[in-house]
Amino acid sequence: TTLNQIMGSLSHPVSPVGGGYGIGFVFEAMYGSDARFDPTIGMGENALTGMYQWAPTQAHIDAHLPWLFKHGIDVQVGQMYGLLGAEGTPALARPFYSFNYASDYIVPFETVGIVATMHLTDHMDWIMGIDAGNSVTFGSSGNNSRPKGYFGFAWNNLLDGKLSMHAIGRFGPQGNNGLTRYSADGWASAGIGKPANHLMQYNAEFLATYHINKKVSGTEDIIYLHDD
């Protein structure tokens, strides 16, 4: 018998603090065998070893800002789940026990940075973000010194609330700019030196969900990946 995951969280929804502003937070961590595959480098990844490990999965401050647009801007700062993919890391965030291929190998698990959602209209959002990379933090815990980020749009509650969709791209170098190191057995590390700072990786996704009724919905998820 294997304990795959226990999720624990402490959160507070974004709540008004006056003047149209709001603030909230989310802190979440995972314990179990799944945590071995979901570390964020620089955030306690070596705190436990062996089959059962611990991994923080979310640690962000959320704010609502009454700026620029009628419905304002929502901002998240800290560690958060990646914006791409139809499935999430917690077991309850996916319809089946296993991951699909794209969620497991293509889209980012967690990122550390800032994401802004600008509410252009009642049903359309503009999304932008900048972060350290996929499952890494900054400085020596990052793959390289170049920024990465998101750009896209989301449409919510169309067709009387039945249809929601988004088109989001993610861009930036993801390679390791450290020196290549070789073990006595001939294995090489992932470091490729300075070229890693400009070899780009591109992700793009179109995701649409249609609610047929209160109990049944259909989802279409199209994901593109190109890695220099």
Side-chain angles (χ1 to χ4, degrees), residues 30 34-49 53-60 75-89 98-118 126-154 166-207 221-228:
M30 174 197 299
D34 285 0
R36 297 174 296 165
F37 309 107
D38 193 31
T40 295
I41 306 304
M43 296 187 66
E45 74 277 6
N46 294 317
L48 296 176
T49 59
Q53 297 184 18
W54 170 83
T57 50
Q58 296 189 81
H60 53 84
V75 177
Q76 293 179 304
V77 181
Q79 182 199 31
M80 62 203 80
Y81 287 124
L83 302 183
L84 307 183
E87 297 182 345
T89 298
S98 59
F99 267 136
N100 64 47
Y101 183 88
S103 295
D104 211 2
Y105 293 103
I106 296 178
V107 301
F109 278 15
E110 283 100 24
T111 60
V112 177
I114 180 171
V115 171
T117 301
M118 291 156 278
W126 176 20
I127 300 168
M128 293 185 68
I130 187 168
D131 57 72
N134 181 15
S135 297
V136 298
T137 52
F138 298 94
S140 61
S141 296
N143 285 333
N144 56 66
S145 58
R146 298 298 188 268
K148 302 87 180 164
Y150 295 100
F151 182 94
F153 296 92
H166 72 225
I168 300 176
R170 178 174 171 77
F171 319 96
Q174 295 286 354
N176 188 330
N177 66 359
L179 298 177
T180 304
R181 294 180 173 84
Y182 297 92
S183 70
D185 299 324
W187 292 96
S189 70
I192 60 173
K194 291 183 178 180
N197 291 330
H198 58 79
L199 293 174
M200 295 285 288
Q201 184 179 97
Y202 304 89
N203 291 102
E205 177 187 57
F206 175 79
L207 186 147
D221 188 18
I222 302 172
I223 294 178
Y224 168 83
L225 169 67
H226 173 81
D227 196 331
D228 289 343

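Just so it is clear, the model here is predicted, and its values are computed rather than measured. Side chains are part of it too, since the values below use all heavy atoms of this structure and drop only hydrogens, waters and symmetry mates.
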Checklist entry - What pairs with Gln76 under side-chain contact (heavy atoms from CB on, under 4.5 Å), at least two apart in sequence or on another chain? => result His60, Asp62, Met80
Checklist outcome for this item: side-chain contact (heavy atoms from CB on, under 4.5 Å) filter on Pro195, not counting sequence neighbours, yields His198, Leu199
Checklist entry - When rounded to the nearest 0.5 angstrom, what distance separates CD1 in Ile223 from CZ in Phe206? => result 12.5 Å
Checklist entry - Which value, rounded to the nearest 0.5 Å, describes the distance between Asp228 atom CG and Met200 atom CE? => result 7.5 Å
Closest approach of [X] to [Y] (non-hydrogen atoms, all atoms of both residues):
X: Glu205; Y: Leu83; value: OE1-O, 4.1 Å
X: Ala47; Y: Trp54; value: CB-CE3, 4.2 Å
X: Asn134; Y: Gln174; value: N-OE1, 3.4 Å
X: Asn197; Y: Pro173; value: O-CG, 3.5 Å
X: Ala55; Y: Pro39; value: CB-CA, 4.5 Å
X: Ser145; Y: Asn177; value: N-ND2, 3.9 Å

Checklist outcome for this item: Contacts of Asn144 meeting side-chain hydrogen bond (donor to acceptor under 3.5 Å, both in side chains) (sequence neighbours excluded), chain-then-number -> Lys148
Distance-only donor-acceptor pairs under 3.5 Å for side chains of residues 135-142, two or more places apart:
| unit_1 | atom_1 | unit_2 | atom_2 | d |
| --- | --- | --- | --- | --- |
| Thr137 | OG1 | Ile41 | O | 2.8 |

Next on the checklist: So does Thr40 get a backbone contact from the side chain of Glu110, meaning a donor-acceptor N/O pair under 3.5 Å?
Outcome noted: no
Checklist entry - With no hydrogens and no angle check, is any side-chain donor or acceptor of Gln58 less than 3.5 Å from a backbone partner on Tyr81? => result no
Checklist entry - Which residue pairs pass the salt bridge (charged side-chain N to carboxylate O under 4.0 Å, His left out) test with at least one member in residues 34-46, sequence neighbours excluded? => result none
Next on the checklist: Show every salt bridge (charged side-chain N to carboxylate O under 4.0 Å, His left out) that has at least one partner inside residues 128-137, sequence neighbours left out.
Outcome noted: Asp131-Arg170
Checklist outcome for this item: Only residue of Asn203, Thr111, Ile130 satisfying side-chain contact (heavy atoms from CB on, under 4.5 Å) with Tyr150 is Thr111
Item to check | Aromatic ring pairing Phe153/Phe151, orientation class (parallel under 30°, perpendicular over 60°, tilted between) | outcome: perpendicular
